[in-house]
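Structure, as structure tokens:
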Amino acid sequence: MKIFKILAVSAMVLGMTSCISKKQYDALNTNYKQCIENIGERQREIQDLKAQNSALSGENNLLKSQHDALKSSLDACLANSGKSSANIDKLVGEINASNSYIKQLISSNAKNDSLNLALSNKLKRSLDNVADDDVQVKVLKGVVMISLSDKMLYKTGDYNVLPAAQEVLGKVAKVINDYDKYSVLIEGNTDNAPLNSANLPRDNWDLSALRGTAIAKILQTQFGVDPSRITAGGRSEYNPKATNMSVSGRAENRRTEIIIMPKLDEFMKLMDIAPKK
């Protein structure tokens, strides 16, 4: 019976083969192979999609976990909302106070900068016929600094002001008197060449301090600068502008500086605008 079935199927195949041409058979065979290849590609795509689905499932689980954690945090925040609101209101108030203080501070600094620049420009115009080596004017850290060389003011090792310096000091005094709300600090400076004497000045400390006070007295007595605005002193050799190893450096260090700046009480007023705690 089995042999009969095999013979019957073989006969059918032979019969079908005899019914189609070789060209048709080749076309069907090619189409069959293409179908097999397409099935393989679809199976690979199915595997890729399964892998993507697995990854997305993992991400979804992670997002659910994060959502639950955020919800717990939100619930805790809402539970303490009354206390948090009070803290936030206090913080906002402090920030607003600080911002107000900063604005006032910026405004005050801008005003001081403008006044200092105007003062500096006026001094430079007044002293435009004086050699740059003898007088230098600049604004530094909110104050106006006038640096006068010692060769224009004094003889070597002496603190008595030369008559030729009177004209320059008169011009400086004129501007100082115009800006009567400012304080005046006068500093004498020397190089590091030792000075030893039994009489005044005994050393560079004496020399620098006596030079500073000599200028202060001339501004007061000859040019009418209010002495309550003046502070005078000396810094000896300990505030050099250049190296003392060269002749030019030592000459630059031997100087008297007149520093014009807002009065101390103006700075105190500025401090009073700080927000109260």
- Query: Please walk me through it: do Thr156 and Asp158 pass side-chain contact (heavy atoms from CB on, under 4.5 Å)?
  - Reply: CA-CA 5 Å; Thr156 302; Asp158 193 11; over 6 Å; no
- If Ile, Leu, Val, Met, Phe, Trp and Tyr residues are connected whenever their side-chain heavy atoms lie under 4.5 Å apart, and connections chain through other members, are Leu207 and Leu148 in the same group? no
- Item | hydrophobic_cluster_shared for Ile258 and Tyr182, side chain cutoff 4.5 Å | yes
Nearest heavy-atom neighbours spanning [X] and [Y]:
| X | Y | answer |
| --- | --- | --- |
| Arg202 | Asp206 | N-OD2, 3.1 Å |
| Arg255 | Asn239 | NH2-O, 2.7 Å |
| Asn204 | Ala193 | ND2-O, 3.0 Å |
| Asn244 | Arg250 | O-NH1, 3.0 Å |
| Ile230 | Ala216 | CG2-CB, 3.7 Å |

- Query: Which residue pairs pass the ring pair (Phe, Tyr, Trp, His ring centres under 6.0 Å) test with at least one member in residues 213-246, sequence neighbours excluded?
  - Reply: Trp205-Tyr238
- Sequence neighbours excluded, every pair satisfying ring pair (Phe, Tyr, Trp, His ring centres under 6.0 Å) that has a member inside residues 158-178: none
- Query: In this structure, are over 12 heavy atoms from other groups packed under 6.0 Å from Lys155 atom NZ?
  - Reply: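 No.
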- Would you sort out whether Glu187 and Leu185 count as a side-chain contact (heavy atoms from CB on, under 4.5 Å), showing the intermediate values? CA-CA 7 Å; Glu187 291 183 348; Leu185 174 62; 3.7 Å; yes
Out of curiosity, [X] [atom1] to [Y] [atom2], how far, rounded to the nearest 0.5 Å?
| X | Y | atom1 | atom2 | result |
| --- | --- | --- | --- | --- |
| Thr213 | Ile218 | OG1 | CD1 | 10.0 Å |
| Ile260 | Arg229 | CD1 | CZ | 8.0 Å |
| Asp134 | Met152 | CG | CE | 5.5 Å |
| Ser236 | Asn253 | OG | CG | 11.0 Å |

- Can Leu153 and Leu162 be said to form a side-chain contact (heavy atoms from CB on, under 4.5 Å), step by step? CA-CA 5 Å; Leu153 295 174; Leu162 297 171; over 6 Å; no
Would you say the side chain of [Y] lies within less than 4.5 Å of the side chain of [X], judging by non-hydrogen atoms?
| X | Y | result |
| --- | --- | --- |
| Asn189 | Arg211 | no |
| Glu257 | Ile146 | no |
| Lys217 | Val161 | no |
| Pro201 | Leu195 | yes |
| Lys241 | Gln136 | yes |
| Val225 | Asn177 | yes |
| Asp226 | Val184 | no |
| Asn160 | Tyr154 | no |

- Query: For Ile186 and Leu219, what are the C-alpha separation, side-chain angles and deciding distance, and is it a side-chain contact (heavy atoms from CB on, under 4.5 Å)?
  - Reply: CA-CA 10 Å; Ile186 304 171; Leu219 293 179; 3.7 Å; yes
- Message: Looking at Arg254 and Gly249, would you say the former's side chain and the latter's main chain have a donor-acceptor pair under 3.5 Å?
- Response: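 No: the side chain of Arg254 does not pair with the backbone of Gly249.
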